[in-house]
Amino acid sequence: AQSVTQPDIHITVSEGASLELRCNYSYGATPYLFWYVQSPGQGLQLLLKYFSGDTLVQGIKGFEAEFKRSQSSFNLRKPSVHWSDAAEYFCAVGLNAGKSTFGDGTTLTVKP
Amino acid sequence: DVKVTQSSRYLVKRTGEKVFLECVQDMDHENMFWYRQDPGLGLRLIYFSYDVKMKEKGDIPEGYSVSREKKERFSLILESASTNQTSMYLCATLLESGTGGRGYTFGSGTRLTVV
């Protein structure tokens, strides 16, 4: 069965600083990989996704993620964080049939 | 854009009550999912449905059932609510099986408190 690990429960960065959120997955083949963002009290919004092709994928809100097969990782990055990026971020592994497995989430706090 | 609407943002129910959580989508998505979200546990799949009148158990179906009588509506039922079912419930949709790479569209969630 697939699994997702987000090693960092909580990360704090200063506004304008760069950000990297880590995600490691376990799956027998190359899965679909996703990052979602959840603002307080809201549902999740898809930031970006990867299945094949270029291992560096661009998403909404200036985010990008890099798939590294050798490390089973799919880390999320942003060069310059804005205060509005404060939220909870979830990495997920998906199957073509539709089911997804989510990590436990990383809460991002942005300091002014 | 697909819109996924969960009828209640907040619900407070008593132990033992039968609780219905409703999810409606306004596009022709075949697949619908119910997850619960708890701090430190991420999202856990309760039930999902690939078609009308069709349902499959997820990872934590105990204490729950579902109904899908129409394509656009997927209901989660707590047969006899208990305090350990206090949680955020999230509905999600997917166009169809075989499009899993597109990712989910989520509703805004229903925060259920059982007292």
Side-chain angles (χ1 to χ4, degrees), chain A residues 1-10 21 23-25 27 29-54 57 59-60 63 65 67 74 76 87-107, chain B residues 1-10 21 23 25 29-51 54-61 74 88-112:
Chain A
Q2 66 270 29
S3 65
V4 179
T5 302
Q6 293 180 243
D8 304 304
I9 297 173
H10 196 173
L21 302 182
C23 172
N24 293 99
Y25 70 91
Y27 187 59
T30 301
Y32 294 109
L33 294 164
F34 307 94
W35 276 100
Y36 292 86
V37 60
Q38 185 181 34
S39 298
Q42 299 296 316
L44 279 69
Q45 180 184 20
L46 182 65
L47 276 177
L48 46 76
K49 58 186 183 284
Y50 172 81
F51 177 61
S52 63
D54 192 347
V57 293
I60 62 172
F63 286 91
F67 170 63
F74 188 57
L76 182 71
E88 191 162 18
Y89 292 81
F90 291 90
C91 182
V93 167
L95 304 179
N96 196 39
K99 289 173 62 177
S100 284
T101 298
F102 289 80
D104 292 346
T106 298
T107 299
Chain B
D1 279 353
V2 174
K3 190 170 268 186
V4 181
T5 303
Q6 294 184 233
S7 53
S8 304
R9 291 297 304 275
Y10 300 94
L21 303 183
C23 176
Q25 48 131 338
H29 280 200
E30 291 185 359
N31 299 356
M32 298 185 76
F33 305 82
W34 275 107
Y35 285 87
R36 66 175 280 177
Q37 180 184 12
D38 300 287
L41 297 178
L43 278 71
R44 294 178 290 168
L45 181 63
I46 305 171
Y47 266 97
F48 59 103
S49 169
Y50 288 142
D51 204 348
M54 178 271 169
K55 61 186 178 186
E56 288 196 31
K57 293 180 180 179
D59 300 319
I60 52 164
F74 191 37
M88 169 73 103
Y89 290 87
L90 292 165
C91 176
T93 71
L94 185 68
L95 177 61
E96 60 188 9
S97 297
T99 65
R102 299 190 184 192
Y104 289 161
T105 301
F106 280 90
S108 296
T110 296
R111 187 167 293 283
L112 173 67

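Reminder, nothing fancy here: chain letters follow the sequence lines and each chain counts from 1. Owing to the predicted nature of the structure, the values given are computational and were not obtained by experimental measurement.
- Contact annotation: the side chain of A:Phe90 never approaches that of A:Trp35 to less than 4.5 Å [non-hydrogen atoms, C-beta and beyond].
- Per-residue counts of heavy-atom pairs under 4.5 Å with chain A were compared for B:Gly109, B:Gly40, B:Gly58; the largest is that of B:Gly40.
- Between chain B and the options A:Leu33, A:Leu46, A:Leu44, heavy-atom pairs under 4.5 Å are most frequent for A:Leu44.
- With a threshold of 4.5 angstrom between heavy atoms, A:Gln38 approaches chain B through side-chain atoms but not through N, CA, C or O.
- Only the side chain of B:Leu90 comes within contact range of chain A, with heavy atoms under 4.5 Å apart.
- In the model, B:Tyr104 has a side-chain atom that pairs as donor or acceptor with a side-chain atom of B:Tyr35 under 3.5 Å.
- Residues A:Tyr36 and A:Phe102 place their aromatic rings such that the two centres sit under 6.0 Å apart.
- Applying the 6.0 Å contact sphere to CZ of B:Arg44 captures more than 12 heavy atoms from other residues, nucleotides or ligands.
- Looking at B:Gln37, the atoms closer than 4.5 Å to chain A (heavy atoms on both sides) all sit in the side chain, from C-beta outward.
- No side-chain donor-acceptor contact under 3.5 Å links B:Thr93 and B:Gln25.
- Contacts of A:Ile9 with chain B are absent, with no heavy-atom separation under 4.5 Å from either backbone or side chain.
- In this structure, chain A has a heavy atom under 4.5 Å from the side chain of B:Arg9, while its backbone stays farther away.
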